[in-house]
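Chain letters run A, B, ... following the sequence lines, proteins first, then strands; residues in each count from 1. Note that the structure is predicted; figures quoted are calculated from it, not measured.
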Protein chains: 2
Amino acid sequence: MKISDDQLVDSTKTRRRGKELEAAILKAVQVELSTVGYSNLTMEGVAERSGTSKAVLYRRWPNRAELVLAAIHARVPLPLEEVPDTGNLRDDLLSMLRSMNKNITETVSDALFGLMAELGNISLAALLFPHGRQNRTMTILLQRAVERGEIRPDAIKSRILTLPVDLARHELLLYSKPMSEETITEIVDEVFLPLVAK
Amino acid sequence: MKISDDQLVDSTKTRRRGKELEAAILKAVQVELSTVGYSNLTMEGVAERSGTSKAVLYRRWPNRAELVLAAIHARVPLPLEEVPDTGNLRDDLLSMLRSMNKNITETVSDALFGLMAELGNISLAALLFPHGRQNRTMTILLQRAVERGEIRPDAIKSRILTLPVDLARHELLLYSKPMSEETITEIVDEVFLPLVAK
DNA sequence: GAATTAAGATACTATTCGTTTCTTATTTTT
DNA sequence: AAAAATAAGAAACGAATAGTATCTTAATTC
């Protein structure tokens, strides 16, 4: 860490350790990802931005891919966000997809592709859902919709359950940018709701 | 190009040029992709396998990504395959998805992810559909189904039209391996057909 | 206050991209 | 048929970067 010349005493003179240092490094990875992108992200660059050295990085992560992976997993612990409850299924769904739309950024997509290329022999599914696909949110939404009498209970097979999120993910992967509001409503109104309507 | 010692005369002694040479190089890229994968594919490796030198590669393609891209586009000109006509929509759809299933291999997926990471600022859609999404096949299938009176003509909105292929692509991207027969029938029987049925 | 642990600096090796230069086989032109 | 033009192939090179190894010293633990 360089001390600028006009700084007689290094006021930040403190050697960070453990979790504090780790957090600073992961933050630096995220900044590097969003500024230079995955393929131009270097260990040197991350070390410099986080004010440490490569050795420190390699003591924690065996290689670049694992470091980036850690940074991705670290960024907001995959917001087990509040399951929306607007009082009706349609608005619940729209709300859920909009929130998903916000959380998958171009930066994240870029990193996902990079990781897929570099990790090899791993599926995108394994990368995205290390603990298996959950569908927690959709399960809750639909349960409530059944209770309200909005949909046919028997319509909810596994493939239907994941349909809105699957289509949204497909769209996000394909275009690496947020979905339009129109796309979101199409998924809900033209595909999902007709399949579960009474 | 090395001549093996037990070969007194180099029977293949001929300096390939133009299209012939280019084809050999692209073939070598495909072999490298399927043996070592995108991230371990090197220009040296391709040069060696195709019996030429790096300079030759760089005279044709500005960098590794463009070379791989050319190889992907070269492999079977995206089989504008025969549109199946089995006499009924359901079997037509199954047939189409099965054929799609065969043509997207693990190797291709791996290369797609690698290219996405390396090309930067390009969407997967732009990579997959340089001329825009066509949906030629689905359009024909559905037209025939309408003529047979199998489905409601008004059901065919753009999002519905692309639905089976979108879901299949999503599945292939997510798992980097062929879909199960069960997945294919689910897409057709649980999602698509109910949406267009009379 | 001594001993231990880990941060940070620095140098090093190996790989690989992309470039350059040179020779010579092959094709085209005269 | 010879001369000229073109492009292949060999080889060496510089730059970037992954990953390793070593050493000093700050921070923590005992």
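Rounding to whole angstrom units, CG of residue B:Leu57 and P of C:dT16 are separated by 15 Å. The distance between atom CH2 of B:Trp61 and atom P of C:dC17, rounded to the nearest whole Å, is 15 Å. To the nearest angstrom, C1' of C:dT24 lies 16 Å from CZ of B:Arg16. The separation between A:Glu22 atom CD and C:dA6 atom P is 13 Å, rounded to whole Å. Between the CZ atom of B:Arg15 and the P atom of C:dA25 there is a distance of 6 Å, given to the nearest Å. The distance between atom CD of B:Glu66 and atom P of C:dC17, rounded to the nearest whole Å, is 15 Å. When rounded to the nearest whole Å, the span between CZ of B:Arg49 and C1' of D:dG9 equals 19 Å. The nearest whole Å value for the distance from the CD atom in A:Glu20 to the P atom in D:dA27 is 11 Å.
Both B:Ala65 and B:Arg59 sit near DNA chain C, but only B:Ala65 has its closest nucleotide nearer the 5' end.
For A:Val108, the side chain to side chain contact (heavy atoms under 4.5 Å, CB included) criterion is met by A:Arg75, A:Thr105, A:Leu112, not counting sequence neighbours. In terms of the side chain to side chain contact (heavy atoms under 4.5 Å, CB included) criterion, residue partners of A:Glu182 (sequence neighbours excluded) are, by chain and number, A:Ser180, A:Glu186. Residues passing the salt bridge (Lys or Arg N to Asp or Glu O under 4.0 Å) test with A:Glu181, sequence neighbours excluded: A:Arg98. With sequence neighbours excluded, the residues satisfying side chain to side chain contact (heavy atoms under 4.5 Å, CB included) with A:Thr86 are A:Asn88, A:Asp91, A:Asp92. Every residue meeting the side-chain hydrogen bond (donor to acceptor under 3.5 Å, both in side chains) condition with B:Glu32, not counting sequence neighbours, appears here in chain and number order: B:Arg49. Scanning for salt bridge (Lys or Arg N to Asp or Glu O under 4.0 Å) contacts around B:Asp166 gives B:Arg133, B:Arg169, with sequence neighbours left out. B:Ser123 is linked by a side chain to side chain contact (heavy atoms under 4.5 Å, CB included) to B:Ala125, B:Ala126, counting only residues two or more places apart in sequence or in another chain.
Within residues 109-119 of chain A, no residue has a heavy atom under 4.0 Å from DNA chain D.
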Give every pair of a protein N or O atom and an N or O atom of nucleotides 2-5 of chain C that lie under 3.5 Å apart, one pair per line with the distance.
unit_1, atom_1, unit_2, atom_2, d
C:dT5, O2, A:Arg17, NH2, 3.1

Taking only nitrogen or oxygen atoms into account, show me every contact under 3.5 Å that the protein makes with nucleotides 14-18 of chain D, one pair per line with its distance.
unit_1, atom_1, unit_2, atom_2, d
D:dA18, OP2, A:Met43, N, 3.1

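Distance alone, capped at 3.5 Å, is enough to place a donor-acceptor pair between the A:Asp85 side chain and the A:Gly87 backbone.
Atom CD of B:Glu48 is surrounded by 12 or fewer heavy atoms from other residues, nucleotides or ligands within 6.0 Å.
Pairs of residues two or more places apart, or lying in two chains, that qualify as ring pair (Phe, Tyr, Trp, His ring centres under 6.0 Å) and include a residue from residues 98-143 of chain A are A:Phe113-B:Phe113. For residues 157-198 of chain A, the set of pairs meeting the ring pair (Phe, Tyr, Trp, His ring centres under 6.0 Å) definition, not counting sequence neighbours, is empty.
For the pair A:Thr52 and C:dA7, the criterion of a side-chain N or O lying under 4.0 Å from OP1 or OP2 is not met. For A:Arg60, a side-chain nitrogen or oxygen approaches OP1 or OP2 of C:dA7 to under 4.0 Å.
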